Amino acid sequence: MESVLILGIESSFDDTGVSVVRAFSDGRFEILSNELALQDHVKTGGAVPELAARRHGENIVPTIQRALSESAVTPADIDVIAVTTTPGMIACLQVGIETARTLAVSWSKPLIGVHHMKAHIASTFAEHPHVAFPAVVLLASGAHTMLVRMDSAEQYALLGQTRDDAAGEAFDKIARMLGLPYPGGPEIARLAEGGDPAAFAFPRPMAHETGFEFSFAGLKTSILYAIRDLGGLEALSQQQISDIAASAQQAIIDVLVKKTMRAVKQENAKTVILGGGVSANVALRTQLEAAVLTVGYDCVLIVPSPGLFTDNGAMIAIAAAPRALRKEYDDPFSLTPVPRTSIND
Ligand code: KG4
Ligand code: ZN
């Protein structure tokens with residue numbers, strides 16, 4: 001069977017990810033290594049582009065070295081280099097692209113530029129090569145929240161996206177209001193386990209509107225007012241903090257699940273795919289799974305495996321696999337960072 005060995009490089013936001021993946025022509029993948037260098041934003045409460053880019057610059061070569069040694073391959077074994085080119089913070093994308101270009105030229109390897117959001121989706125295919133189409137994808141990360149229709153592993157059509165904050169960003173901002181560290185999603189999820197999701201009736205923005213747009217900025221504001229009305233963060237008991245976390249998480253999940261199921265029914269989707277960092281949220285996965293069971297026809301939910309939820313190099317290599325197998329490469333000197341793109345591009 002034909003296969004290609006791909007070195008995947010991710011540097012679009014804060015974490016540097018490098019992975020070695022073997023992709024087979026029957027759609028299977030073997031992840032030989034998936035190394036990450038995480039950035040610590042506890043002090044800044046978020047990623048600052050210039051600082052993040054500098055850290056990528058420090059981390060990228062050691063991370064590549066770790067990914068190669070962990071997978072026991074040498075540069076000579078690599079067939080193709082894949083790198084994120086869009087969307088993301090321009091200075092961060094630039095570090096990955098320059099490094100990938102330098103390696104491609106000096107090792108004489110072909111190069112493939114990858115769309116970060118498509119890679120989040122493609123990573124779910126790592127363990128599910130035989131997805132039934134059409135599929136509806138809910139992609140919820142720190143920077144994006146969108147519903148996408150897919151008619152094949154390489155055809156993406158945007159159904160709708162957020163008008164303001166992304167779902168992950170809402171988790172991060174609400175966590176910050178509650179005095180919790182960044183990233184906020186895992187912190188909110190942890191506190192929510194001990195809280196009452198019905199304690200606070202936070203709004204479900206746009207849940208009842210037709211169409212597939214989201215908006216999370218209003219939710220954030222109503223939580224800010226709730227904290228203020230209780231006397232400010234310092235006045236809150238641990239239980240109140242947990243209740244706010246649980247109620248906020250439930251409001252976000254309700255909107256995500258409701259909109260996704262509306263898209264599933266409209267598009268007659270046979271598969272529902274959950275992707276992006278927020279898919280690490282267990283309550284979201286459980287509730288979406290329960291909703292998918294009620295559609296009344298054969299429809300399955302696919303979620304990425306642990307380690308593939310949040311940004312990583314393997315998803316970049318996996319996304320590049322169909323093109324790598326077809327030997328459809330990019331000109332290394334024409335690859336440039338593009339901060340914003342649609343999933344339709
Ligand atoms: O996809 P990702 O790693 O990076 C982007 O491309 O944005 O997503 C990161 C986002 C952060 O906002 C983080 O708070 C959120 O995913 N996240 C979660 C959980 N784990 C990570 N949100 C909710 N629940 C979680 N367990
Ligand atoms: Zn991401």
Side-chain angles (χ1 to χ4, degrees), residues 13-15 38-52 55 89 138 140-146 161-209 213-259 276-288 309-311:
F13 187 49
D14 50 356
D15 300 329
L38 303 178
Q39 298 194 12
D40 178 5
H41 306 298
V42 176
K43 291 192 193 70
T44 56
V48 178
E50 292 72 20
L51 293 180
R55 298 287 279 278
M89 295 193 290
L138 169 64
S141 73
H144 302 269
T145 296
M146 58 178 77
Q161 62 188 332
T162 185
R163 287 183 181 175
D164 41 57
D165 292 353
E169 189 179 0
F171 273 104
D172 295 334
K173 287 179 175 170
I174 294 162
R176 198 170 178 186
M177 290 181 217
L178 293 173
L180 303 167
Y182 177 92
E187 297 290 327
I188 297 273
R190 184 176 55 79
L191 280 180
E193 282 175 31
D196 175 4
F200 293 86
F202 295 134
R204 271 65 174 155
M206 309 193 62
H208 301 290
E209 283 176 40
E213 288 192 307
F214 300 88
S215 166
F216 292 105
L219 171 64
K220 192 181 62 190
T221 312
S222 75
I223 293 169
L224 193 67
Y225 290 158
I227 296 172
R228 189 197 59 189
D229 293 348
L230 290 166
L233 181 57
E234 297 70 30
L236 298 183
S237 67
Q238 266 312 313
Q239 189 57 49
Q240 282 173 317
I241 293 179
S242 296
D243 287 345
I244 293 173
S247 302
Q249 172 175 279
Q250 193 54 49
I252 295 171
I253 292 176
D254 278 352
V255 175
L256 294 177
V257 171
K258 195 163 207 138
K259 293 258 166 183
V278 181
S279 65
N281 190 284
V282 178
L284 170 63
R285 277 153 54 200
T286 312
Q287 293 181 38
L288 189 55
F309 293 138
T310 49
D311 293 352

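Quick caveat: nothing in here was measured; it's all calculated off a predicted structure. In what follows, every heavy atom counts, from backbone to side chain, and hydrogens, waters and symmetry copies are set aside.
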Indicate yes or no for a side-chain donor-acceptor contact from Ser247 to the backbone of Ile244 under 3.5 Å, with no hydrogens or angles considered. no
Just how far is it from atom CD of Glu187 to atom OH of Tyr182, taken to the nearest 0.5 Å? 12.5 Å
Got a donor-acceptor contact below 3.5 angstrom from the Asp15 side chain to the Gln39 backbone? yes
May I have the step-by-step check of side chain to side chain contact (heavy atoms under 4.5 Å, CB included) for Leu178 and Ile188, ending in yes or no? CA-CA 9 Å; Leu178 293 173; Ile188 297 273; 4.1 Å; yes
Starting from the C-alpha separation in whole Å, work towards a yes-or-no answer on side chain to side chain contact (heavy atoms under 4.5 Å, CB included) for Ile241 and Leu233. CA-CA 8 Å; Ile241 293 179; Leu233 181 57; 4.3 Å; yes
Heavy-atom closest pair, residues Arg285 and Ser279: CD-O, 2.7 Å
Using 0.5 Å steps for rounding, measure from the CZ atom of Arg176 to the NZ atom of Lys220. 11.0 Å
Nearest heavy atoms of Pro181 and Ala175, plus distance in Å: O-CB, 4.5 Å
Between Gln250 and Pro197, the two heavy atoms sitting closest are CB-CB, 3.8 Å
Sub-3.5 Å donor-acceptor pair from the side chain of Thr145 to the main-chain atoms of Ala167, do we have one? yes
For the student: nearest non-hydrogen atoms of Ser141 and Gly276, plus distance: CB-CA, 4.2 Å
Is Glu209 reaching over with its side chain to a backbone N or O of Met206, donor-acceptor style, under 3.5 angstrom? no
Side-chain (Gln239) to main-chain (Gly194) donor-acceptor, under 3.5 angstrom: yes
Under the side chain to side chain contact (heavy atoms under 4.5 Å, CB included) criterion, do Phe202 and Ile174 qualify, and how do the steps go? CA-CA 12 Å; Phe202 295 134; Ile174 294 162; over 6 Å; no
So, the side chain of Asp243 versus the backbone of Asp196: is there a donor-acceptor pair under 3.5 Å, distance only? yes
So does Glu213 get a backbone contact from the side chain of Lys259, meaning a donor-acceptor N/O pair under 3.5 Å? yes
Between NZ on residue Lys173 and CG on residue Asp165, distance to nearest 0.5 Å: 3.5 Å
What pairs meet the salt bridge (Lys or Arg N to Asp or Glu O under 4.0 Å) rule with one or both residues in residues 245-258, with sequence neighbours excluded? Arg204-Asp254
Could you pull out the closest heavy-atom pair between Ala248 and Ile223, with the gap in Å? CB-CD1, 3.5 Å
Donor-acceptor check, side chain of Asp172 to backbone of Gly184, threshold 3.5 angstrom: yes or no? yes
Verify side chain to side chain contact (heavy atoms under 4.5 Å, CB included) between Phe214 and Leu256, making sure each step is shown before the conclusion. CA-CA 8 Å; Phe214 300 88; Leu256 294 177; 3.9 Å; yes
Closest heavy-atom pair and its distance - Gly142, Glu169: O-CB, 3.5 Å
Starting at CE of Met177, measure out to CD1 of Ile227 and round the result to the nearest 0.5 Å. 6.0 Å
Interatomic distance, CZ@Phe13 vs CG@Asp311, rounded to 0.5 Å, equals 8.0 Å
Calculate, to the nearest 0.5 Å, the distance between atoms CG and CZ belonging to Asp229 and Phe200 respectively. 10.0 Å
